[in-house]
Amino acid sequence: MKEAGAFVTAGSLQPPSTAITVDASGEEPKRTPGPFVEAAEYVGGFWIIDAPDEEKALTWAEQVSAALSSRIEVRALQEAAE
């Protein structure tokens with residue numbers, strides 16, 4: 001991916017047990033120990049790649065999935081608000 005210019009960045013996440021959920025949508029901000037949702041499975045890390053289209057992103061995901069022997073979830077970044 002680096003040689004092809006597609007790799008942007010990657011990172012690992014601490015386990016959900018270390019999370020603090022923040023909700024400042026009301027009058028007072030709230031901080032609650034624990035993850036936003038309880039789940040048996042969770043995202044352990046992320047990769048950001050630069051792909052010209054969804055098909056190329058999925059092709060990269062297939063290669064990474066095979067290399068890691070793990071499932072990969074693919075999502076696009078949201079467009080920046082103007």
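Atoms considered below: every heavy atom in the structure, side chains included; atoms not considered: hydrogens, waters and symmetry mates.
If you take CD1 on Ile20 and OG1 on Thr32, they are separated by 9.5 Å, rounding to the nearest 0.5 Å.
Not one N or O on the side chain of Ser70 forms a donor-acceptor pair closer than 3.5 Å with the backbone of Ser65. A distance-only check finds no donor-acceptor pair linking the side chain of Ser12 to the backbone of Gly45 [under 3.5 Å].
Electrostatic pairing of Arg75 and Glu73 counts as a salt bridge here, judged by a charged N lying under 4.0 Å from a carboxylate O.
Other members of the cluster containing Val74 are Met1, Phe7, Trp47, Ile49, Leu58, Trp60, Val64, Leu68, Ile72, with ILVMFWY side chains joined at under 4.5 Å, either directly or via other members. In the hydrophobic clustering (ILVMFWY side chains linked at under 4.5 Å, chained through shared members), Tyr42 stands by itself.
Residue Ala51 comes nearest to Ala57 through the heavy atom pair CB-N, 3.8 Å, listed as atom of the first residue, atom of the second, then distance.
Other residues, nucleotides and ligands contribute only 12 or fewer heavy atoms inside 6.0 Å of the CZ atom of Phe36.
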